[in-house]
Amino acid sequence: MSVLIVDLDGTLLRSDMLFETFWSSIGRNWRNLFRTLTSLRKGKAALKHDLAETAKIDVTTLPYDPDVIAYVTKFRAEGGRTALVTASNEALAQSIAAHLQIFDEVHGSTRDTNIKGARKADFLVERFGATGFSYMGDTDADLPVWAKATKAITVNASPALRGKAEKLGNPSEHLVTVTPSIKPYLKALRPHQWLKNVLVFLPMLTAHQINAVTFGQSLLAFVAFSIVASSVYVLNDLLDLGADRAHPRKRLRPFAAGTIPIAQGSTMTAGLLLLGIAISAALGWLFLLVMMTYYVLTTAYSVNIKRRVVVDICLLAGLYTMRIIAGGAATGIPLSVWLLAFSIFFFFSLAAVKRQAELVDAADRGKLSASGRGYRVGDLPIISMMALAAGYVSILVMALYVNSPQVLELYAQPAALWGVCCILLYWITRMVMVTHRGDMDDDPIVFAVKDRNSQICLVIILMCGIGGAFL
């Protein structure tokens, strides 16, 4: 029986270790980007070596293909020898093999040699002899190897690649372990998070300037914000792969689970950003400036600030408020100081609830801190107080607004707005309580959309606002 040679990236692993190490390295320290550019000038082998040294990869959580593992395990159980031979860094390959315990030997790229394509084929012939091995791979780069193998085994290959492998004249076998679907790509965009972007409509609504032109501008701002936000979500998922895989729910995200190739994620985040910028430009330079500022701040959050205590919550509150600022920039409506003050405190409260939920989840799993964050479980009482205090201050701002001269100009029955204050007092207190008991979603806004009590509160708030304006 010939030796079964298995490739790593895209075959045994539903990912690519070059991109895994790149995003892990940048996520740990954004300055590593400059080191990566320097390494690239020395060649791909040197780049892989340096990335492997600066990255932190937990091989136990990587998205392995269970069907490929089962195939290799069966082959070995029947008396065959198996080898993991990859263009990825050899040290990482050794770690993966040690974890899986299904390979008799391991070979990978070193600082000076990149084992890929024809070079891999020559290495295998020298090591195992001509036609002394079967080879399992997934890309066109594997064609030179299949040409010298006794059997070509493709994994999730395209019809065109299967045809090329068969034309080589050797026996071939095609494994299909993944069904192509658009769903993971839609999930990666996080369309449910676009709900936050309805805040761009607030300047129009609070100023009572509701007309076709203003609505059209606000709607275009919503689309632009959603696209740019999705670009950031993809980038954040790429930078947060390790932390997501350590989380019971986030590990199912497309990039963490390997349902979307990481290489495609890099293209997605750039393409979405360019599309969002193009749409933003149609709304004028001021809106474009707000969007670019939002992108820079969210990128800084993803790369570094999300691990900074308190600063991260302040920035999250600011990013929510930037959606309101964007709505004003798109429509040309001056923003009320009352609206901005309420927004800052209200969203500071929700950001604190988000961190509270992460810490409660960490405590339930017996951990001392939230993965990828700067908080410890012992910080829970303080975070809870921050959420309540900021929420109550936002209600105080609302109460002061009800008694301001501006309200008399906009509302026929200003007293109806006191109902909004009462409902918010209940809702914020309940949100913190629900989080304290461990029943909160990872995102309080997403939770609120699905929560019946929150839905009822929203309906009552809308009734109070509409009643105060028109009755």
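Note that this is a predicted model, so its numbers are computed, not measured.
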For [X] and [Y], which heavy atoms make the closest approach, and how far apart are they?
X: Gly328; Y: Pro203; value: N-CG, 3.5 Å
X: Phe287; Y: Ala326; value: CD1-O, 3.4 Å
X: Ala147; Y: Asn170; value: O-ND2, 3.5 Å
X: Asp244; Y: Ala256; value: CB-CB, 4.1 Å
X: Tyr64; Y: Val59; value: OH-O, 2.6 Å
X: Asn114; Y: Ala87; value: OD1-O, 3.5 Å

Indicate yes or no: at least one non-hydrogen side-chain atom of [X] is less than 4.5 angstrom from one of [Y].
X: Asp364; Y: Val360; answer: yes
X: Arg31; Y: Ile26; answer: no
X: Arg119; Y: Thr113; answer: yes
X: Cys314; Y: Val310; answer: yes

Answer yes or no: is there a donor N or O on one side and an acceptor on the other, between the side chain of [X] and the main chain of [Y], under 3.5 Å?
X: Asp142; Y: Gly137; value: no
X: Thr82; Y: Ile102; value: yes
X: Thr259; Y: Phe255; value: no
X: Asp379; Y: Arg376; value: yes
X: Lys48; Y: Lys44; value: no
X: Thr298; Y: Tyr295; value: yes
X: Arg28; Y: Thr54; value: yes
X: Ser349; Y: Ala387; value: yes
X: Ser231; Y: Thr269; value: yes
X: Trp146; Y: Tyr135; value: yes

Mind checking the [atom1]-[atom2] spacing from [X] to [Y]? Nearest 0.5 Å is all I need.
X: Leu4; Y: Ile153; atom1: CG; atom2: CD1; value: 5.0 Å
X: Ile279; Y: Met291; atom1: CD1; atom2: CE; value: 9.5 Å
X: Ser88; Y: Leu18; atom1: OG; atom2: CG; value: 7.5 Å
X: Leu241; Y: Arg251; atom1: CG; atom2: CZ; value: 15.0 Å
X: Ile115; Y: Asn89; atom1: CD1; atom2: CG; value: 10.5 Å
X: Leu380; Y: Tyr375; atom1: CG; atom2: OH; value: 11.5 Å

Full working for salt bridge (charged side-chain N to carboxylate O under 4.0 Å, His left out) between Arg14 and Glu20: CA-CA 11 Å; Arg14 290 176 178 171; Glu20 287 275 351; over 6 Å; no

Output side-chain donor-acceptor pairs under 3.5 Å for residues 217-227, partner residues at least two apart or in another chain, one line each.
from   : atom 1 : to     : atom 2 : distance (Å)
Ser218 : OG     : Thr214 : O      : 3.0
Ser226 : OG     : Asn197 : ND2    : 3.0
Ser226 : OG     : Phe222 : O      : 2.8

Under a 4.0 Å N-O cut-off, is there an ion pair linking [X] with [Y]?
X: Lys120; Y: Asp7; answer: yes
X: Asp240; Y: Arg253; answer: no
X: Asp451; Y: Arg430; answer: yes
X: Glu358; Y: Lys306; answer: no
X: Arg307; Y: Asp312; answer: no
X: Arg190; Y: Asp237; answer: yes
X: Arg162; Y: Glu173; answer: no

Chi angles and distances behind the side-chain contact (heavy atoms from CB on, under 4.5 Å) call for Lys354, Met440: CA-CA 9 Å; Lys354 181 180 176 69; Met440 175 60 64; over 6 Å; no

Tabulate below the donor-acceptor pairs under 3.5 Å that side-chain atoms of residues 178-186 make, not counting sequence neighbours, or state none.
from   : atom 1 : to     : atom 2 : distance (Å)
Ser181 : OG     : Lys183 : N      : 3.1
Tyr185 : OH     : Gln264 : OE1    : 2.5

By ring pair (Phe, Tyr, Trp, His ring centres under 6.0 Å) - contacts of Phe347 (at least two apart):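 With sequence neighbours excluded, Phe347 shows a ring pair (Phe, Tyr, Trp, His ring centres under 6.0 Å) to Tyr320, given in chain and number order.
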
Residue Glu126 excluded, over 12 heavy atoms near CD under 6.0 Å: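 No, the 6.0 Å shell around CD holds no more than 12 heavy atoms from other groups.
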
More than 12 heavy atoms of other groups within 6.0 Å of Lys116 NZ: no

Intermediate values then yes/no, side-chain contact (heavy atoms from CB on, under 4.5 Å), Leu272 and Leu189: CA-CA 10 Å; Leu272 289 167; Leu189 299 181; 3.5 Å; yes

[X]-[Y] side chain donor-acceptor pair, cut-off 3.5 Å:
X: Glu105; Y: His107; result: yes
X: Asn156; Y: Thr177; result: yes
X: Thr154; Y: His174; result: yes
X: Glu90; Y: Thr110; result: no
X: Thr60; Y: Asp58; result: yes

CA sep, side-chain torsions, deciding dist, call: Tyr301, Leu297, side-chain contact (heavy atoms from CB on, under 4.5 Å): CA-CA 6 Å; Tyr301 172 82; Leu297 290 177; over 6 Å; no

side-chain contact (heavy atoms from CB on, under 4.5 Å) evaluation trace for Phe348 with Leu316: CA-CA 7 Å; Phe348 185 96; Leu316 283 176; over 6 Å; no

